Participant: 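Would you mind keeping the following structure in view while I ask a few things?
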Amino acid sequence: MLRSILKNTTNKRISFLSKQRKNIHFQNASPTALLLKNRIVGNCNYSTSSKASPNNSNILTSLIPGVLIGTGLSLGTCYFLGLFDDDDDANYQSVMPLDELSPPKYCDDPNEETEVIARLKAVLGENPDNFSISPEEIDSHSDTYFTSHHATKEQRPQIILYPHNTEQVSQILQICNNYSVPVVPFSGGTSLEGHFVSTRGKRTVVLDFSRYMNNILELHQKDLDVVVEAGVPWEDLNSYLNDHGLLFGCDPGPGAEIGGCIANSCSGTNANRYGTMKENVVNLTVVLADGSIIKTRQRPRKSSAGYNLTGLFIGSEGTLGVVTEATIKCHVMPKHETVAVIPFPSIALAADCVSTIVGEGLQLNAMELLDDKMMKVINQTGSTSRTWLEQPTLFFKVGGQDDDDIKKQVSMLEKIASANKAIKFEFAKNDDEKLELWEARKVALWSTLDAGKKLNPKVNLWTTDVAVPISKFASVIDETKKEMESSGLISTIVGHAGDGNFHAFICYDETQKPIAEKLVDNMVKRAIDNEGTCTGEHGIGLGKRQYLLEELGDAPVNLMRQIKLSLDPQRILNPDKIFKIDPNDHEH
Ligand SMILES: Cc1cc2nc3c(=O)[nH]c(=O)nc-3n(C[C@H](O)[C@H](O)[C@H](O)COP(=O)(O)OP(=O)(O)OC[C@H]3O[C@@H](n4cnc5c(N)ncnc54)[C@H](O)[C@@H]3O)c2cc1C
């Protein structure tokens, strides 16, 4: 008898729990449901909810200990008696398929919306610079002309908030979580795949860190790390570090800030030597959806203590938590470095040269590939002070302990390049030449856009990136280039060749959009078919959600969704990015 009562109770709880997983809305939930919500959500702070009536909280306070003890006793007894049968275990899901979710419900009551805004403003204080609803700022936090995925007219947030510190971010998220208000974190706004589009329209709140949370907090020169707030621009951090003989390892788009660099796991031309953001973050301070503040770990270079929470948030594109502070690794600036520029007869030979360099274990500071069209466009637009050979060209940074060290590497580089039919070699003899030679690499994207706009002022730019194993780099880039050339569109290719990562910049007007789409689609599919990834450094955002599924398959993406739901059950944090969170979302 006892066994059957216990079994029934337990089964009900388990089936209730799995129902809750399918329908994760807890508004108006019973105390027991709230308790179970806590089991799923973890550390939710209901005491701050303006919606929880005092009576409710009293009932909760008196019921929770009793229910907890009762639940604990019955679950414990069941476990002891071995009453969890195999069927129950089999029903448990480690992953969350999209079609088993109910659509998220966001705040859509105008009275509540007004209340939310008043409460959010109260957190930030009276200063009108702490928030904005000006149409210009709403627009600049919705879209940019260089992104590949533009926001629609409706995809505009309601308000931009400029928090001053982590505590304020925590209070803001508590309020947004309690009222189910979508929140989009925003740093430099340079991401390229629609990462910060307010997909949930004007009920969205954007959190911008650039105005106040832009301080470099501590430099630990001996430990080679620096503690910064999320809104520090990477270029400012780099020049601060340069003054101390150090540098920041990543170099994404001009204007990008540390929060966005972490959220997108960015990298750039230096990744070959210093790694991506995944290798450059020591710890993070993160505010979770319910307002909890966590620090992912202390400051040692390595740690095997527990889960890699730091890694969980890097590349999560603002969907799991909001980064407010980070400890970032710094690197000692190379005391001796030169730049080499080597053109090749074909892109395949240039790419082969890179594979050989990697295979020989030659450690260069950067290896960048610009195709012949890119070199031509740089000449046409006069973006640099010299005229270049219009051939696929490799740009190298060669660093070392002293000049002899550099000479040795340069001679090895020349040998490998000659074997791959290099047309000529050019090495910078001084710092000015070094800058001049590297300049061509830096102006690549804008030169392509300038060239396109000269022909047709209405052109858009589609920037996309993929990465493949080094052994496949030459064939994948070669095929991609051939297809782009035959398309008739102005397009260029630039590669972080040492990482097997390359970008295409494609100019198109509205009538040519289907051609551009097809080129990108084929390029991404080609990379995936060659054991590569749909993005090496730009991230998924909105634009590559379908490709993430094609690359990984359903189960890993369903696991990501499950992780998202366990941290953010109401799906308020940067909704709809990386993967779908709504079965009614029929966008690509
Ligand atoms: C000209 C140009 C060149 C580029 N070159 C490179 C390159 O070489 N390598 C490269 O990797 N990328 C490059 N990029 C892309 C871009 O610079 C990177 O993706 C960069 O990391 C974005 O940072 P951001 O500060 O602009 O982030 P944003 O665009 O503001 O945001 C990016 C994402 O991060 C989230 N986010 C922002 N702040 C936070 C936070 N504090 N906590 C949690 N989530 C947050 C946002 O919600 C969004 O999903 C380039 C872009 C341009 C325009």
Side-chain angles (χ1 to χ4, degrees), residues 140-149 157 160 163 166 169 173 182-199 204-210 213-214 228-235 237 249-272 275-278 280 284-289 313-326 366 368 441-449 461 463-465 467 494-496 499 501-503 505 535-543 573-578:
S140 66
H141 287 77
S142 307
D143 207 349
T144 56
Y145 73 90
F146 49 78
T147 181
S148 307
H149 293 272
I160 318 297
T166 301
V169 175
L173 285 187
V183 178
V184 174
F186 186 97
S187 287
T190 68
S191 46
L192 296 163
E193 293 287 351
H195 286 78
F196 53 83
V197 171
S198 290
T199 46
T204 309
V205 163
V206 167
L207 276 186
D208 183 336
F209 304 94
S210 57
M213 296 184 67
N214 55 13
V228 297
E229 289 183 307
V232 172
W234 77 267
E235 290 143 303
L237 175 62
C250 300
D251 56 342
E257 295 168 9
I258 295 301
C261 294
I262 292 164
N264 277 7
S265 189
C266 78
S267 44
T269 61
N270 294 334
N272 183 52
T276 70
M277 271 328 260
K278 290 201 169 79
N280 277 282
L284 295 173
T285 301
V286 182
V287 183
L288 304 178
F313 292 99
I314 303 174
S316 65
E317 300 186 8
T319 63
L320 295 182
V322 176
V323 174
T324 55
E325 273 181 37
E368 296 287 301
R441 169 59 190 93
K442 282 315 254 181
V443 298
L445 188 147
W446 305 125
S447 309
T448 310
L449 188 60
L461 188 68
T463 307
T464 192
D465 89 306
V494 169
H496 303 312
D499 305 320
N501 179 201
F502 67 97
H503 305 231
F505 306 136
T535 172
E537 56 180 26
H538 291 167
I540 301 290
L542 280 176
L573 288 176
N574 205 9
D576 309 304
K577 310 305 169 350
I578 306 183

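As the structure lists them, so they are numbered: ligands from 1, and atoms in each ligand from 1. All values derive from a computational prediction rather than experimental measurement.
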Participant: Which residues pass the ring pair (Phe, Tyr, Trp, His ring centres under 6.0 Å) test with F209, sequence neighbours left out?
Facilitator: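 Here no residue qualifies.
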
Participant: Between atom NE2 of H538 and atom CG of D465, what is the distance when rounded to the nearest 0.5 Å?
Facilitator: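 One gets 4.5 Å once the value is rounded to the nearest 0.5 Å.
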
Participant: With sequence neighbours left out, what residues match D143 under salt bridge (charged side-chain N to carboxylate O under 4.0 Å, His left out)?
Facilitator: none

Participant: Using the test side-chain contact (heavy atoms from CB on, under 4.5 Å), find all partners of S267 that sit at least two apart in sequence or belong to another chain.
Facilitator: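 side-chain contact (heavy atoms from CB on, under 4.5 Å) check on S267 returns A271, T276, E537.
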
Participant: When the ring centroid of H149 is compared with that of H195, is the distance short of 6.0 Å?
Facilitator: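 No.
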
Participant: In terms of side-chain geometry, is the basic nitrogen of D251 or K442 positioned less than 4.0 Å from the acidic oxygen of its partner?
Facilitator: yes

Participant: With hydrogens left out, which residues have an atom under 4.0 Å from ligand 1, given that only heavy atoms count?
Facilitator: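 Shell around ligand 1 (4.0 Å, heavy atoms): F146, P185, F186, S187, G188, G189, T190, S191, L192, H195, F196, F209, A230, D251, P252, G253, P254, A256, E257, G259, G260, C261, A263, N264, C266, S267, G268, E317, G318, G321, V322, V323, L445, W446, H496, E537, H538, N574.
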
